[in-house]
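A short worksheet on the structure shown next.
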Amino acid sequence: MRKTFELFRLDWRRILKSPIALLLIIALIIIPSLYAWFNIWALWDPYSKTQDLKVAVYSADQSVVIADKKVEIGAELISQLKKNDKLGWQFTSSKKRIR
């Protein structure tokens, strides 16, 4: 085990004596950290700027009766989306393309 530490210390001495090797070691430490930092920063809150993104919503769903209960999944979905302001929902009454 002692030889391992001696080799480790010798390697670091040689690295510190060579400016190019030291620069490469520092770059290998800093560049991945910067890459991770900017990616985390960019993806931290993906919904913060999506209110202006227009998404058309149309439901041609028909209600059904199951076990004597009327089920309207399309209407429930539309009502839930109207409460959600994360995207710019555009509710339409037909399949025609809106602009």
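Nothing here was measured: the structure is a model prediction, and the numbers come from that model.
Lys69 meets the side-chain hydrogen bond (donor to acceptor under 3.5 Å, both in side chains) test with no other residue; sequence neighbours excluded. The side chain to side chain contact (heavy atoms under 4.5 Å, CB included) test applied to Asp11 returns no partner, not counting sequence neighbours.
Follow the hydrophobic side-chain contacts under 4.5 Å out from Ile31 and you never reach Trp41; the two are in separate clusters. Taking hydrophobic clusters as Ile, Leu, Val, Met, Phe, Trp and Tyr residues chained together by side-chain heavy-atom distances below 4.5 Å, Phe8 shares a cluster with Ile15. Using a 4.5 Å cut-off between side-chain heavy atoms of Ile, Leu, Val, Met, Phe, Trp and Tyr, with links allowed through other members, Ile29 and Leu22 fall into the same hydrophobic cluster. Ile30 and Phe38 end up in the same hydrophobic cluster when Ile, Leu, Val, Met, Phe, Trp and Tyr side chains are linked at under 4.5 Å.
When all heavy atoms of Ala27 and Pro32 are compared, the closest pair comes out as O-CD, 3.9 Å.
Rounding to the nearest 0.5 angstrom, the gap separating the CD1 atom in Ile73 from the CG atom in Leu77 is 9.5 Å. Taking CD1 from Ile78 and CH2 from Trp89, the interatomic distance works out to 10.0 Å, rounded to the nearest 0.5 Å. The structure places CG of Asn39 at 11.0 Å from CG of Leu34, a figure rounded to the nearest 0.5 Å. Interatomic distance, CG of Leu81 versus CD of Gln90, reported as 12.5 Å (0.5 Å rounding). Leu10 contributes atom CG, which lies 15.0 Å from atom CZ of Phe5 (distance to the nearest 0.5 angstrom).
Heavy atoms from other residues, nucleotides or ligands lying under 6.0 Å from CD of Glu6 number more than 12. Heavy atoms from other residues, nucleotides or ligands lying under 6.0 Å from CD1 of Ile20 number 12 at most.
Thr92 contributes a side-chain N or O that, together with a main-chain N or O of Val57, makes up a donor-acceptor pair within less than 3.5 Å.
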